2 protein chains.
Amino acid sequence: MTTPIPRSINLRQVAEEAGVHPSTASRALNSATRHLVAAPVAERVQEAAARLGYRPDAAAMSLRTGRSRLVGALVPGIANPVFAPILAAAAAALSADGHALLVADPGDDPERAAEFVAELAARRVDGLLLATVSLRDDPALAACRLRGLPTVLVNRSGGEGVPAVVSDDRGGMALAVEHLVGLGHRRIAHVGGPAPLSTGLLRREGFERAMAAAGLDIPPGWVEAATAYGRAEGEAAATLLLTRCPGVTALACANDLLALGAYDACHRAGLRIPADISVTGHNDMPMVDLIEPPLTTIRIPHERMGREAARLLLERIHQGAEAGTLVLASGLVQRGSSGPPPDGMTATA
Amino acid sequence: MTTPIPRSINLRQVAEEAGVHPSTASRALNSATRHLVAAPVAERVQEAAARLGYRPDAAAMSLRTGRSRLVGALVPGIANPVFAPILAAAAAALSADGHALLVADPGDDPERAAEFVAELAARRVDGLLLATVSLRDDPALAACRLRGLPTVLVNRSGGEGVPAVVSDDRGGMALAVEHLVGLGHRRIAHVGGPAPLSTGLLRREGFERAMAAAGLDIPPGWVEAATAYGRAEGEAAATLLLTRCPGVTALACANDLLALGAYDACHRAGLRIPADISVTGHNDMPMVDLIEPPLTTIRIPHERMGREAARLLLERIHQGAEAGTLVLASGLVQRGSSGPPPDGMTATA
DNA sequence: AGGGGCTATACAATCGATTGCAGAGGAAAT
DNA sequence: ATTTCCTCTGCAATCGATTGTATAGCCCCT
């Protein structure tokens with residue numbers, strides 16, 4: 001009862017049990033080489049392996065083959081309500097292929113992210129999912145390139161030819177603007193995401209294009225980029241906009257957390273949502289349907305994003321194929337935080 | 001520019017660069033054996049390693065030493081708002097010790113959990129954090145025992161002598177009951193968690209003890225265990241209680257998600273919270289302060305839980321010490337979903 | 001009957017780091 | 001001056017699975 005030999009069984013023991021050489025056992029257990037072994041022998045080996053509960057040692061296999069059946073993921077916050085479901089879906093898809101997900105959380109520090117890439121590379125990960133990448137000259141991405149690691153970006157794009165799975169950031173933000181315009185809004189301000197992030201840039205572009213398409217002006221100072229995707233940062237940016245934008249009737253935010261911060265700013269300014277001002281978010285995080293008022297936002301397909309990213313990465317790993325960028329459509333979820341502008345504001349523009 | 005030899009540096013190359021034998025290089029780079037090497041030689045080796053950007057190959061190291069610097073975690077849902085912050089904190093603490101966290105998500109399937117344990121064991125994890133364990137004869141726990149894997153339970157207790165880090169489930173639920181009693185409630189029902197889970201059982205016990213301590217009766221049928229920690233399950237259980245418990249003025253729920261379901265049930269029954277009925281939760285998930293009305297709940301120290309679990313596990317791994325169970329205090333967070341009972345209901349009991 | 005061709009298996013090298021053991025060299029002690 | 005001891009370094013085995021190569025049969029054909 002002290003330490004009852006918890007040493008696990010290895011290939012040699014299986015081979016002995018089946019009365020063959022380890023190399024034969026190896027071939028019998030590997031579907032790609034099984035045809036090299038006589039059928040009855042293969043069966044005997046497999047049976048012996050099953051009886052003994054054999055599992056190939058991952059370290060030895062990894063050392064010999066160079067592949068680890070591990071995939072690394074870099075995320076800015078495991079508990080982030082946007083990335084958590086993406087990770088969950090990716091992990092499930094990878095697991096079905098025998099891969100496990102090694103999650104590293106460097107926060108918002110790009111240097112730390114590059115350091116984690118080195119660590120993951122030393123662990124011989126077969127590929128990497130990157131959700132931390134910023135738009136220009138990201139050190140983590142460079143570290144992957146340097147080592148020739150298959151890489152897929154998730155919910156972030158990295159520019160020139162980097163495979164990625166993203167939602168239609170521009171189109172999603174345009175949906176929000178069109179919705180507000182449809183309700184009669186003309187004076188709309190934008191709480192933007194951090195500029196170095198693709199979501200920040202693209203959603204801002206989506207805002208600008210949709211406003212232009214609706215024939216609406218964006219006065220200078222009506223776009224304010226938050227310094228990070230956080231509630232406090234959203235409040236700060238929204239507070240700025242509320243004082244700076246006379247007659248503003250709607251805030252289109254680049255992200256749900258920013259929208260929550262905008263709620264705070266509006267409440268502190270004594271504005272009711274949506275009676276005095278409308279607010280929209282982006283991402284449709286869990287539970288934003290429960291807040292008061294329920295948040296009108298853009299739904300992005302988190303699960304699908306994770307699944308597709310895993311699929312693309314596995315393709316790249318197995319076939320070495322150069323994966324392209326996949327843009328998934330997002331949709332408007334209309335709830336209680338958006339409504340018609342206050343009386344008399346409709347015809348202002 | 002095709003494939004510029006992304007093969008990484010190994011120990012032999014470092015040794016050559018420093019003009020020593022690989023074994024000497026190994027000793028020079030390992031702090032535990034460095035004293036066996038002459039100081040100037042050790043320095044030369046370290047410098048060479050730094051210059052070449054050497055990282056020991058994890059697979060080879062793991063194969064030789066039997067340790068992988070990997071820790072597995074089994075959680076029922078990566079995106080679960082309770083476990084995600086626990087995982088994040090644990091990952092950070094482990095990372096500081098050179099360990100990485102390998103997350104496996106078997107959902108609620110105990111057989112699948114045991115299968116994942118086998119897979120993680122084959123990957124030679126140094127230890128396991130278990131957040132999926134049910135109270136009696138859990139297969140995953142048995143699988144760990146069988147292999148002699150160091151194990152710490154998180155937010156779950158497993159009975160007899162299994163190391164665990166949990167919050168004070170009984171005490172937390174008692175806080176909620178005392179709060180309600182203090183407001184004047186006498187007729188309180190309990191929406192319980194799943195019975196096979198320690199949180200389900202202990203919080204129910206906490207409810208019963210606190211009611212007894214307050215001199216209050218629990219009529220038969222005033223406790224209803226939900227089949228899972230979910231909003232729909234909470235609504236089902238709460239609906240049952242609302243029809244079954246005449247004059248009930250408060251629902252003490254075992255979990256925030258159940259409380260959200262209770263909100264749904266109350267709304268469908270035309271009851272206003274907290275004017276007609278009070279509702280309390282447990283866990284203080286992110287964003288429950290934003291719903292309407294903001295949820296009164298019990299705050300459990302997620303981050304600390306993850307951190308302490310990691311610490312205990314590392315102790316067990318390094319020193320082989322038998323870790324005990326750590327019970328962390330939780331606190332009441334009073335918000336808008338609890339208030340005095342409707343007029344005339346105070347003196348009913 | 002003997003050789004060519006083929007199949008199925010065994011042998012042995014290999015991946016990269018760690019570690020028990022042996023031995024070289026120098027210092028200290030008698 | 002020789003022995004003893006100690007410090008440092010090199011040698012080689014090892015962890016467990018995979019895979020290139022060699023060989024033992026066997027069948028078939030002429």
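The sequence lines fix the lettering, A, B, ..., with proteins before strands; numbering per chain opens at 1. Quick caveat: nothing in here was measured; it's all calculated off a predicted structure.
Interface residues of residues 60-70 of chain A facing DNA chain C, ordered by number: A/Leu63, A/Arg64; criterion, heavy-atom separation under 4.0 Å. Residues from residues 17-30 of chain A that place a heavy atom under 4.0 Å from any atom of DNA chain D, listed by number: A/Ser23, A/Ser26, A/Arg27.
In this structure, B/Ile9 places its CD1 atom 10 Å from P of C/dA17, rounding to the nearest Å. Here the C1' atom of nucleotide D/dA17 and the CZ atom of A/Arg12 are 11 Å apart, to the nearest Å. Atom pair A/Leu11:CG and D/dT19:C1' shows a separation of 13 Å (rounding to whole Å applied). In this structure, A/Arg34 atom CZ and D/dT19 atom P are separated by 14 Å, rounded to whole Å. Rounded to a whole Å, the CG atom of A/Leu36 is 13 Å from the C1' atom of D/dT21. One can place NE2 of A/His35 at 12 Å from P of D/dT19, the figure rounded to the nearest angstrom. The CZ-C1' distance, from A/Arg123 to C/dG16, rounds to 16 Å in whole Å. Residue B/Asp57 contributes atom CG, which lies 6 Å from atom P of C/dA17 at whole-angstrom precision.
Side-chain contact between A/Leu130 and A/Arg156 is absent, with no heavy atoms from C-beta onward closer than 4.5 Å. A/Glu119 has its side chain within reach of A/Arg123: a pair of non-hydrogen atoms, C-beta onward, lies under 4.5 Å apart.
The side chain of A/Tyr54 lies closest to D/dA17 when the candidates are C/dT9, D/dA17, C/dA17.
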Task: Residues A/Leu120, A/Leu102; criterion side-chain contact (heavy atoms from CB on, under 4.5 Å); working and verdict - done: CA-CA 8 Å; A/Leu120 290 170; A/Leu102 200 49; 3.7 Å; yes
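A salt bridge links B/Arg124 with A/Asp57; the closest basic N to acidic carboxylate O contact falls under 4.0 Å. Between B/Glu115 and B/Arg112, no side-chain nitrogen of the basic residue sits less than 4.0 Å from a carboxylate oxygen of the acidic one, so the salt-bridge criterion is not met. Using a 4.0 Å cut-off between charged nitrogen and carboxylate oxygen, A/Arg307 and A/Glu303 do not count as a salt-bridge pair.
Note that CG of B/Leu326 and CZ of B/Arg311 are 7.0 Å apart. Values are rounded to the nearest 0.5 Å. Of the inter-residue distances, the one linking B/Ile9 atom CD1 with B/Glu17 atom CD reads 9.0 Å to the nearest 0.5 angstrom. Summarising the geometry, atom CE belonging to B/Met61 is positioned 9.0 Å from atom OG belonging to B/Ser68; distances are rounded to the nearest 0.5 Å. Taking CE from B/Met305 and CG from B/Leu129, the interatomic distance works out to 12.0 Å, rounded to the nearest 0.5 Å. The structure places CG of B/Leu141 at 9.0 Å from OG of B/Ser134, a figure rounded to the nearest 0.5 Å.
Taking five base pairs at each end of the helix from C/dA1-D/dT30 to C/dT30-D/dA1, the local helix axes there meet at an angle of 60°, rounded to 10°.
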